[in-house]
Amino acid sequence: MTTERYNAREAEARWQKVWDERGIFATRNDDPRPRYYVLEMFPYPSGRIHMGHVRNYTMGDVVARYKRAKGFNVLHPMGWDAFGMPAENAAMERKIHPKAWTYDNIAAMKAQLKSMGLSLDWRREIATCDPAYYKHQQKMFLDFLRAGLVERKKSKVNWDPVDQTVLANEQVIDGRGWRSGAIVEQRELTQWFFAITHFAQDLLDALDELERWPDKVRLMQKNWIGRSEGLLVRFGLDPATTPNGEHELEIFTTRHDTLFGARFMALSPDHPLAIAAARKNPALAAFIAECKRHGTAQEVIDKAEKLGFDTGMRAIHPFDRTWTLPVYVANFVLMDYGTGAIFGCPAHDQRDLEFANKYGLGNTPVVCPQGQDAATFVIADTAYDGEGLLINSRFLDGMTIPQAKEEVARRLETELRGNQPVAQRQINFRLRVWGISRQRYWGCPIPIIYCDHCGVVPVPERDLPVTLPEDVAFDRPGNPLDRHPTWKHVTCPQCGRKATRETDTMDTFVDSSWYFARFTDPWITTAPTERAAVDEWLPVDQYIGGIEHAILHLLYSRFFTRAMRATNHAGIDEPFAGLFTQGMVVHETYQKADGTWAEPAEVKIEGSDDKRRAFLVETGEPVEIGPIEKMSKSKRNTVDPDDIIATYGADVARWFMLSDSPPDRDVNWTERGVQGAWRFAQRLWRLIGDAAEIAASAPAERPAEFGPAALAVRKAAHGALARVSDEIEKLHFNVCVAQIYEFTNTLSEAIDEAAETPAVAPDLRWAIREAANIMVQLFHPMMPHLAEQCFALLGHDDLVAQASWPKVELDLLIEDTVTLPVQVNGKKRAEVTVSRAATNAEIEAAVLALPEVQRALEGKKPKRVIVVPQRIVNVVA
RNA sequence: GGCCGCGUGGUGGAACGGUAGACACAGCAGACUUAAAAUCUGCUUCUGGGAAACCGGAGUGCCGGUUCGAAUCCGGCCGCGGCCACCA
């Protein structure tokens, strides 16, 4: 037995310094080896890292260190998603400038990340709030504008009347502003938009190619993009009934097969025709106002009754001039999908049915399910949206739904009214243009100037960046840029007259939509990207982050990359070839008698399993052990990574993060689990110490032959090597950990046995040294500091972080004999060991001779014997 | 409401259609200790028989099916979770 305890705190600082001084994680773009880009979603500098970061960055670091050992030129950078509301909130609450707050936080978090021992190229660090970064973002905004990918239009937004700002949809909770608690209003504001819809079809199609993305994320994006094929139909209106003699109403439908089931038309309250009618009809105007008064809160929408108002207008059925339909304004029709108007078919659409039932409009079933008698098929409270054959539909009767759709489209497409076809096929997307204007200070300024004379004028590129003024006050709500005394007042770059700047800044999701490209060459000052670097490094080989970004960030980045291609800033479409979404870090909750929550660090646990009881360390007051939930400030069930690293070391934190759960599922952080990881680190340290003693006198030359003991050690080592490599490639870190545990068990048994022998044979010494080296390399990606320490202990002068991944000797993995389980009627009864080369007939004979098999057969003759080579034998009696 | 995913010991979880429960945590028993910690050894799905070695039965939410063989594939239930949600 050797050595004292492994002192993680001392060793980790020491090895981090060595890595740092030797600059071994600096990545060169001119390195000729094959490239591998691994990236974790960069953090928002909130001030402290949390356990979710630890998990995320540990996984990325395992991949980075493994790929480096495999001979790749690995790019593994880190940066800061540094713009955003919390900085302004801090400014308002604590009178700190957002910039100072942000950079203080970055410094603190960087120190924390460094204590984790991550193999990052810090020379490439970027912060999105740095003018050296957002300058290029402004340049790309202007390029996108020129390329027709940016538009400016009036649109409805969530407006917080207390904070006086637009809020993103996700910042509206139950219809109220998340900070102010004020009921959010819908306002019409002129905003800047990115035309993500321009790429809707391509963004959808390309999902099929993203084979290394989780199916779940691809499906979520597919649903979000929401393609639907339908028909735009121009219904005639009776001009005598319309406010200004309008004679036409265009609707969008995907169920044109049900056109003969139509009972009414419905307009969105925002529809121009509805507004026009309201001008002449005060009751309608009141109804529309009432519709708008209802918030966008989920609850309201869930419970909202379908309400309508008969405008008195009458529409004419496209297939029958004598058939008129009432035109309603209805609260459930959205203005920003399709044309903002629909035809209602109550029999086959639940919403339409509820509406029709309320207003006594009746229904006509036109699709009859197979096996149902059309004469008795009646719709009452539930619309039928399944398959079937057309009924009550004149020339469509008897057709299937697709046939009927095609027939309707064909007829209406070729029928003209006023030189225009009555209908045309259209593909609609649920995806909307991306509104990027924010009435916020701490964001990237939109480089636009408004001139009364020249209109909307892009800031000339020579004047970039448009930087944020630093002398701003946060004593009032609203946008400090707007009320700054001088900042927005400029002269027009075109005519030289007085003009004003755009005071909105960009959504912070813009900042994070291209940072991965900037990492490939963060030094270039003349352009956002260095084309050669960006095209060679991208797409990111392995991107790792939370599932919460499945749509927003990941979809925006896919759009942005396409836009960058269109403007010659990149030559690729997809930013992330491989995506992995990791699970959350969860923890038990502890609730005090008064209902408040206690932190894990304040709580002491006694007993085990269902007898576990928790007490406050300080007072001994009992606390209730609550459900396991995502770590959050509100439930106070957070564990501070600093505390864990100070107590156990970064390696232990990293190891436990990887060990307990599959990486895509939630991991439950437990004190016991961490202690287990800590014990294992100590055990490894002792094991390598023991191995080093035996290995010290191992022969330098590889022995020509190995005895059985040495061979067994070698087989175990190379088997573990093969399996762990395979599982790292698949990101099955928890299985890796289990394989390393198993290898540890076999290696320590071998070493214990060897230690009992008076004279250990040279070949065994050699094999143990080899195995110990493989062991250290296997756990290096997960526990890099301990690995360096062990590597040195084994007599290496160089660093394990720079060592090549060991090569598997495949010969060692092939056994001469193979042990097969033997089943009788699918139940395991015995095992049989046969030569690897044994024929099926030989195996069958050996199996039938087994006493267990004969007993199970009870003298009967087997019907069949199935031999699956190298796997199993099943005797069918 | 729509779409999707998941149900395996006391717990986290392993398991190309082929020995279910690897590995770990917790637990129990023992060794070493004056003692504790640490460490080491053994046991640990349920159940019947047996002093024991061992021999049998059941078992991956429930019910069926396909197969020589199903945790895995198919169908139907039950339960849990996620995302989207008046998208025509």
Distance in angstrom units between Arg665(A) CZ and G7(B) P, rounded | 6 Å
Backbone N/O of Thr254(A) and side chain of Lys405(A): donor-acceptor pair under 3.5 Å = yes
When you compare the protein's N or O atoms with those of nucleotides 64-70 of chain B, which come within less than 3.5 Å of each other, and at what distance?
unit_1, atom_1, unit_2, atom_2, d
C68(B), O2', Asn874(A), ND2, 3.2
C68(B), O2, Asn874(A), ND2, 2.7

Result for 5'-nearest mapping on RNA chain B, choosing between Met220(A) and Gly338(A), is Met220(A)
Using both pair distances under 3.5 Å as the test, note the stems of at least 3 consecutive Watson-Crick or G-U pairs that include RNA chain B.
-> B:1-7 with B:78-84, B:10-12 with B:23-25, B:27-31 with B:39-43, B:45-49 with B:54-58, B:61-65 with B:73-77
Side-chain contact check for Ala738(A): nearest option of A88(B), G82(B), A22(B) is A22(B)
Output yes when a side-chain donor or acceptor of Arg654(A) lies under 3.5 Å from a complementary backbone atom of Pro781(A), and no otherwise.
-> yes
Pairwise C1' distance, C16(B) and U72(B) [rounded to whole Å] = 11 Å
Under a 4.0 Å N-O cut-off, is there an ion pair linking Arg432(A) with Asp336(A)?
-> yes
Measure from CD1 on Ile547(A) to P on G81(B) and round the result to the nearest Å.
-> 18 Å
Distance, C1' atom - from C23(B) to G17(B), rounded to whole angstrom = 24 Å
Is any side-chain N of the basic residue among Asp726(A) and Arg723(A) closer than 4.0 Å to the acidic one's carboxylate O?
-> no
Tell me: CG of Asp660(A) to P of A26(B), nearest whole Å?
-> 11 Å
Any donor-acceptor N/O pair, His348(A) side chain to Asp385(A) backbone, under 3.5 Å | no
Comparing Glu742(A) and Glu831(A) on RNA chain B - which has the more 5′ nearest nucleotide = Glu831(A)
Could you state the atom-to-atom distance from CG of Leu684(A) to C1' of A38(B) in whole Å?
-> 17 Å
Once you round it to whole Å, what is the distance between C1' of G12(B) and CG of Asn668(A)?
-> 8 Å
Which of these nucleotides, A15(B), A85(B), C40(B), is closest to any side-chain atom of Val735(A)?
-> A15(B)
Give the nucleotide from the list C86(B), C23(B), C84(B) with an atom nearest to the side chain of Trp224(A).
-> C84(B)
Specify whether His317(A) and Phe319(A) have parallel, tilted or perpendicular ring planes, treating 30° as the upper limit for parallel and 60° as the lower limit for perpendicular.
-> tilted
Take atom C1' in C77(B) and the same atom in G27(B), then report the distance between them in whole Å.
-> 37 Å
Taking the six-membered ring where the residue is Trp, are the ring centres of Trp669(A) and Phe656(A) under 6.0 Å apart?
-> yes
Spacing of the P atoms in A20(B) and G12(B) (rounded, Å) = 23 Å
Reckon Leu219(A) touches a base, only the sugar-phosphate, or nothing at all at heavy-atom distances under 4.0 Å?
-> sugar-phosphate
What distance, rounded to whole Å, do you find between the two P atoms, one in G9(B) and one in G61(B)?
-> 7 Å
Show me the protein contacts with nucleotides 53-56 of chain B, counting only N or O atoms at under 3.5 Å.
unit_1, atom_1, unit_2, atom_2, d
G56(B), OP1, Arg855(A), NH1, 3.0

Contact class for Phe252(A) vs. all strands (heavy atom < 4.0 Å): base, sugar-phosphate, or nothing?
-> base
Is Lys863(A) touching bases, backbone alone, or none of the nucleic acid, heavy atoms closer than 4.0 Å?
-> nothing
Rounded P spacing from U11(B) to A26(B) in Å = 15 Å
Among the candidates A85(B), A88(B), U19(B), find the nucleotide nearest to the side-chain atoms of Pro821(A).
-> U19(B)
List the steps and the verdict of salt bridge (Lys or Arg N to Asp or Glu O under 4.0 Å) for Glu248(A) and Arg234(A).
-> CA-CA 6 Å; Glu248(A) 197 169 276; Arg234(A) 294 157 61 214; 2.9 Å; yes
Checking Glu742(A) side chain against Val737(A) main chain: does a donor-acceptor pair fall under 3.5 Å?
-> no
Taking atom C1' in both C68(B) and A85(B), what distance in whole Å separates the two?
-> 48 Å
Send over the distance from Leu850(A) CG to U19(B) P, rounded to a whole Å.
-> 18 Å
When you measure from the side chain of Arg686(A), which nucleotide among U39(B), G13(B), C86(B) comes out closest?
-> U39(B)
Among all residues two or more places apart in sequence or in another chain, which pass the salt bridge (charged side-chain N to carboxylate O under 4.0 Å, His left out) test with Glu229(A)?
-> Arg227(A)
Asn637(A) side chain to Ser632(A) backbone, donor-acceptor under 3.5 Å = yes
Should Lys827(A) be listed as having a side-chain N or O under 4.0 Å from OP1 or OP2 of A58(B)?
-> yes
Hey, are Arg686(A) and Asp690(A) close enough for a salt bridge, meaning a charged N less than 4.0 Å from a carboxylate O?
-> no
Identify whether any heavy atom of Asn428(A) sits under 4.0 Å from a base atom; if not, whether one sits that close to sugar-phosphate; answer base, sugar-phosphate or nothing.
-> nothing
Under 4.0 Å: is that the gap between some side-chain N or O of Asn223(A) and OP1 or OP2 of C83(B)?
-> no
What interatomic distance, in whole Å, is found between C1' of A14(B) and the corresponding atom of A29(B)?
-> 27 Å
Interatomic distance, Tyr741(A) OH vs C25(B) C1' [rounded to whole Å] | 9 Å
Picking from G13(B), A20(B), C23(B), the nucleotide nearest the side-chain atoms of Pro662(A) would be G13(B)
Within the pair Tyr337(A) and A88(B), is there a side-chain N or O less than 4.0 Å away from OP1 or OP2?
-> yes
Touch class at under 4.0 angstrom, heavy-atom based, for Ser228(A) against every strand present | sugar-phosphate
From CH2 of Trp669(A) across to P of U11(B) the rounded distance in Å is 22 Å
Could you check whether Thr254(A) gets within reach of a base, just the sugar-phosphate, or nothing at all, counting any heavy atom under 4.0 Å?
-> sugar-phosphate
Syn versus anti for G5(B), judged by chi lying within 90° of 0?
-> anti
Of the candidates C86(B), A38(B), G82(B), the side chain of Asn331(A) sits closest to C86(B)
Could you tell me whether Lys828(A) and Glu852(A) make a salt bridge, using a distance below 4.0 angstrom between a side-chain N and a carboxylate O?
-> no
Phosphate oxygens OP1/OP2 of C25(B): is one of them under 4.0 Å from a side-chain N or O of Arg679(A)?
-> yes
Under the ring pair (Phe, Tyr, Trp, His ring centres under 6.0 Å) test, residues paired with Tyr359(A) that sit two or more places apart | Tyr328(A), Phe355(A)
Residues in side-chain contact (heavy atoms from CB on, under 4.5 Å) contact with Gln424(A), at least two apart in sequence or another chain = Leu232(A)
